[in-house]
Amino acid sequence: MYKGVDEEFGRKDSRFSRIDKAPYYGAKISPASQTTYGGIKIDLKGRALTPEGKVIPGLYASGEAAAQYGQGVSIGVILGKLAADSAADDIANVK
């Protein structure tokens, strides 16, 4: 039910606000995927690598920062999940 307030953050002018008063404005937009052709080299677990290919302990990357050569959002999400899993495993194994 619409209450006019974002209860979680207390915002009144948010995506929950009604738009019922003119004038109305619009813009034509379309989705786009940004690409980077450089960035942090990673392994298949999302761990950042040195130029020599060695893992940098505690550093993880995915998405555009990880030079994914225009593969789009899905690969960023997948490698982000792998990087998060690797980070969680590393934290769990700290002695």
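Numbers here are sequence positions counted from 1. None of the values given here were measured: they were computed from a predicted structure.
Note that the CG atom of L59 and the OG1 atom of T50 stand 11.0 Å from one another [nearest 0.5 Å]. In this structure, NZ in K45 is found 13.5 Å from CG in L79, a value given to the nearest 0.5 Å. Within the model, atoms CG of L49 and NZ of K41 stand 6.5 Å from one another, a figure rounded to the nearest 0.5 Å. A distance of 12.0 Å separates CD1 of I42 from CD1 of I56, quoted to the nearest 0.5 Å.
Scanning both residues, G80 and S62, for their nearest heavy atoms gives CA-OG, 3.3 Å. Pairing each heavy atom of S86 with each of R47, the nearest pair is CB-CG, 4.5 Å. Pairing each heavy atom of V55 with each of D43, the nearest pair is CG2-OD2, 3.9 Å.
L82 has its side chain out of reach of Y60: every pair of non-hydrogen atoms, C-beta onward, lies at least 4.5 Å apart.
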